[in-house]
Every structure is written in structure tokens, then in C-alpha cells.
Amino acid sequence: MKPIHSGLAVLALLGAGCNWFNPHATTRFDIGANVRDVFVYQDTLLVAADTWLFAYNLASPKAPQQRWAAPLGSEGRCVIAAEGHAYVGTDSGVVVLPITSGTQARWRCGGTSQSVVALSADSTRLYAAAADGITVFNL
């Protein structure tokens with residue numbers, strides 16, 4: 001007897017009416033800018049769009065309320081959050097903003113002046129991907 005391949009098993013489950021892979025939209029809202037990336041941190045939705053970072057309160061997920069909007073000074077590409085700060089990869093480096101207000105203690109990380117296309121973080125480091133490699137920052 002041949003073993004059943006996992007792909008065939010998944011197809012069989014889907015055919016039997018399981019909706020594991022069928023998410024459905026519950027809310028859609030327009031922010032008035034070209035969205036590049038989103039990241040959820042606790043009860044806050046962070047949205048990198050055009051040259052702005054927007055923060056929305058998700059206490060009521062079907063009706064998110066904007067908390068603040070902060071200008072980035074350059075085109076936002078990606079966003080993540082760690083330890084109470086939003087890290088935004090832009091076309092000229094990384095911008096860091098506190099999630100509570102979006103305006104106080106805003107600064108740019110040194111070490112890369114290129115377009116940052118992806119960000120990742122662990123408990124102690126931020127990793128910024130650019131065309132020529134990865135820059136690692138201590139948090």
C-alpha cells in the first residue's frame with residue numbers, strides 16, 4: 001500500500017467542505033495613501049504608506065480608529081514593531097518612532113542610507129535588508 005501524500009490529503013479535506021484556507025473580509029477602510037506594508041503590534045495596526053506611518057487602534061477591529069499619523073521624510077517600504085517602537089524601512093534607511101505617539105524621539109538609524117526593502121527583529125537585534133546585504137542593529 002502506498003502512503004497518501006500530504007498534498008492529496010489537503011485536497012481531499014478541501015473537497016469535503018473544510019474551509020481552512022478560506023479567510024473572509026470583515027472590514028475594509030481607506031487611508032488616503034498607497035499602502036506598502038502593515039504590522040500589528042498589541043492593539044495597534046501600523047501602516048507604512050507613501051511617506052507616512054499611520055497607527056490605528058484595533059480595540060474595535062471592525063471600526064479601527066486612527067491614533068496618529070507621522071511623516072517619514074522619505075518613502076516608506078516596510079514596517080515592524082518591537083519593544084514599543086515602530087521601525088520603518090524607507091528608501092533612505094530606517095526611521096524609528098515610539099508607538100504611543102509617533103512623534104517623540106523620532107530618529108534615523110545609522111548604518112544604511114539605501115532603500116530598505118524588508119525588516120525583521122528578534123529580542124535584541126533589528127535586521128534591515130537592502131540591495132547590497134543585511135545591516136544589523138542592536139535594539
Value rounded to 0.5 Å, distance of CD in Gln66 from CG in Leu45: 10.5 Å
Steps toward side-chain contact (heavy atoms from CB on, under 4.5 Å) verdict (Asn138, Arg125): CA-CA 5 Å; Asn138 287 326; Arg125 292 178 191 85; 3.9 Å; yes
ILVMFWY cluster, Ile31 and Tyr41 together (side-chain gap under 4.5 Å): no
Minimum-distance pair of heavy atoms, taken over all atoms of Ala131 and Gln114: N-OE1, 3.9 Å
Backbone N/O of Ser115 and side chain of Asp91: donor-acceptor pair under 3.5 Å: no
Heavy-atom closest pair, residues Arg77 and Arg36: O-CB, 3.7 Å
Member of Asp37, Ile80, Leu97, Leu119 meeting the side-chain contact (heavy atoms from CB on, under 4.5 Å) criterion with Val88: Leu97
Candidate pair Thr90 and Glu75, rule side-chain contact (heavy atoms from CB on, under 4.5 Å), full reasoning: CA-CA 5 Å; Thr90 72; Glu75 187 77 26; 5.9 Å; no
Closest contact, heavy atoms only, Trp68 versus Ile99: NE1-O, 2.9 Å
Close side-chain approach of Pro71 and Thr51, heavy atoms under 4.5 Å: no
Atom of Phe137, atom of Ala128 and distance for their closest heavy-atom approach: CE1-CB, 3.9 Å
Tabulate below the donor-acceptor pairs under 3.5 Å that side-chain atoms of residues 52-62 make, not counting sequence neighbours, or state none.
unit_1, atom_1, unit_2, atom_2, d
Asn57, OD1, Ala59, N, 2.7

Path from Val38 to Val79 over hydrophobic side-chain contacts below 4.5 Å: no
Co-membership, hydrophobic cluster, residues Val94 and Ile134, 4.5 Å side-chain: no
Ala33 to Ala49 - nearest heavy-atom pair and separation: CB-CB, 3.7 Å
Joint hydrophobic cluster, Val96 plus Val136, side-chain heavy atoms closer than 4.5 Å: no
side-chain contact (heavy atoms from CB on, under 4.5 Å) evaluation trace for Thr124 with Leu139: CA-CA 5 Å; Thr124 60; Leu139 294 177; 5.8 Å; no
